[in-house]
Amino acid sequence: MRLQVLHLTGQSDPRSCALSPVQSAFLDALPIADEAKVRLNFPYATGLAPYRPVPLWLGSLRHLVLFWRIRLLCRSWAARVRPSVTRQLLAADRTLVLAGSIGLDLLGRLDLPAPVLDRLVVVAYGAVATRPPPCRVIRVGSRSDHLARWWPHDVTVDAGHLDYLAAPELTALCRTLLAELEAAS
């Protein structure tokens, strides 16, 4: 496959890699073939529970626990998760990664090799990341996002932490990047 687009966010529900209805709808709105739209989220494991809504407070708490677990067990966590993520990222020549919230930090902490990172363009929305990966990253932020507004960003939209995928500017940015990636392939 030449090009794919996928979501990479923290697991608000650690028993599931299913996309939320909003994430699925965002993929559906992108001008790319259906087979290029990855219908799983990080860490791309099949056979897990279906999507269940998680309140922001609980998702934030689970992300905080994940944040500390990764820092305490960084090598073992990365060694356990890296193979499934690498396999998914290598499924296409180029990948547009939609990294929401803690997703940019997770991607950076996997310590992926340069040949994998060179294939990626990351759109990080609402990014809370102390260790982004060394690849092309466009950060999208908002003054209305009380969790991520203090982090650096390249593009500003009007959205709360859970509302970035509804921002027309984010959709337009992703469409532009997909056209760029398709032209480069």
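All residue numbers in this chain count up from 1 along the given sequence.
Pairs of residues two or more places apart, or lying in two chains, never qualify as ring pair (Phe, Tyr, Trp, His ring centres under 6.0 Å) while including a residue from residues 89-114. Applying the side chain to side chain donor-acceptor pair (under 3.5 Å) test to every pair with at least one member in residues 167-184, sequence neighbours left out, gives these pairs: Arg136-Glu180. Among residue pairs with one or both ends in residues 125-158, those qualifying as ring pair (Phe, Tyr, Trp, His ring centres under 6.0 Å) are Tyr125-Tyr164; sequence neighbours excluded.
Residues passing the side-chain contact (heavy atoms from CB on, under 4.5 Å) test with Asp93, sequence neighbours excluded: Arg2, Arg119. Taking Leu162 as the reference, Leu56 meet the side-chain contact (heavy atoms from CB on, under 4.5 Å) condition, with sequence neighbours excluded. For Ala172, the side-chain contact (heavy atoms from CB on, under 4.5 Å) criterion is met by no residue, not counting sequence neighbours. The side-chain contact (heavy atoms from CB on, under 4.5 Å) check on Asp154 picks up Ile138, Arg139, with sequence neighbours excluded. By the side-chain hydrogen bond (donor to acceptor under 3.5 Å, both in side chains) test, Gln88 is found to be paired with Gln4, residues two or more places apart in sequence or in another chain being considered.
Between Arg109 and Ile102, every side-chain heavy-atom pair lies at or beyond the 4.5 Å cut-off. Residues Tyr44 and Leu6 have side chains in contact (heavy-atom distance under 4.5 Å, counting atoms from C-beta outward). Within the 4.5 Å cutoff, the side chain of Val38 has no heavy atoms near those of the Val5 side chain. Side-chain contact check for Ser101 versus Thr9: every heavy-atom pair is 4.5 Å or farther apart. Side chains of Cys135 and Asp118 form no contact here, defined as non-hydrogen atoms less than 4.5 Å apart. In this structure, the side chains of Leu110 and Val81 come closer than 4.5 Å at one or more pairs of heavy atoms. Counting heavy atoms from C-beta on, the side chains of Val116 and Leu90 come closer than 4.5 Å. Counting heavy atoms from C-beta outward, Pro134 and Leu117 have side chains that approach closer than 4.5 Å.
Contact detail for Pro43 and Ser84: the closest heavy-atom pair is O-OG, 2.7 Å. Minimum heavy-atom separation, Pro133 to Val137: O-CG2, 4.2 Å.
Checked for salt-bridge contact, Asp111 and Arg131 meet the test: a charged N lies under 4.0 Å from a carboxylate O.
With hydrogens and angles disregarded, a donor-acceptor distance shorter than 3.5 Å links the side chain of Ser142 to the backbone of Ser144. Formation of a donor-acceptor pair under 3.5 Å by the Arg143 side chain with backbone atoms of Val157 is not found in this model.
Grouping the Ile, Leu, Val, Met, Phe, Trp and Tyr side chains by contacts below 4.5 angstrom, directly or via other members, places Val123 apart from Leu89. Under the 4.5 Å side-chain heavy-atom criterion for Ile, Leu, Val, Met, Phe, Trp and Tyr, Val128 and Val140 are members of distinct hydrophobic clusters. Taken together through direct or relayed side-chain contacts under 4.5 Å among Ile, Leu, Val, Met, Phe, Trp and Tyr, Leu173 and Leu107 form parts of separate hydrophobic clusters. In the hydrophobic clustering of ILVMFWY residues, with side-chain heavy atoms under 4.5 Å counting as a link, Leu96 and Leu170 come out together.
Inspection of the Asp145 and His161 side chains reveals an N or O donor paired with an N or O acceptor under 3.5 Å.
Atom OG1 of Thr130 and atom CG of Asp105 lie 4.0 Å apart (nearest 0.5 Å). Here Arg82 contributes atom CZ and Arg87 contributes atom CZ; the two are 13.0 Å apart, rounded to the nearest 0.5 Å. Taken to the nearest 0.5 Å, the CG atom of Leu98 stands 9.5 Å off from the CG atom of Leu8.
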For this session: Determine, stepwise, if the pair Leu165 / His7 fulfils side chain to side chain contact (heavy atoms under 4.5 Å, CB included).
Result: CA-CA 11 Å; Leu165 295 178; His7 288 278; 3.9 Å; yes

For this session: Under the side chain to side chain contact (heavy atoms under 4.5 Å, CB included) rule, what do Leu3 and Ile32 come out as? Steps first, then yes or no, please.
Result: CA-CA 9 Å; Leu3 179 61; Ile32 188 169; 3.8 Å; yes

For this session: Determine, step by step, whether Val121 and Leu181 satisfy the side chain to side chain contact (heavy atoms under 4.5 Å, CB included) criterion, reporting the C-alpha distance in whole Å, the side-chain angles of both residues, the deciding distance to 0.1 Å, and the verdict.
Result: CA-CA 9 Å; Val121 174; Leu181 292 170; 3.7 Å; yes

Exercise answer: donor-acceptor pairs, residues 19-31 side-chain atoms, under 3.5 Å, sequence neighbours excluded:
from, atom 1, to, atom 2, distance (Å)
Ser20, OG, Val22, N, 3.4
Ser20, OG, Gln23, N, 3.0
Gln23, OE1, Ser20, N, 2.8
Ser24, OG, Ser20, O, 3.4
Asp28, OD1, Arg39, NH1, 3.2
Asp28, OD1, Arg39, NH2, 2.6

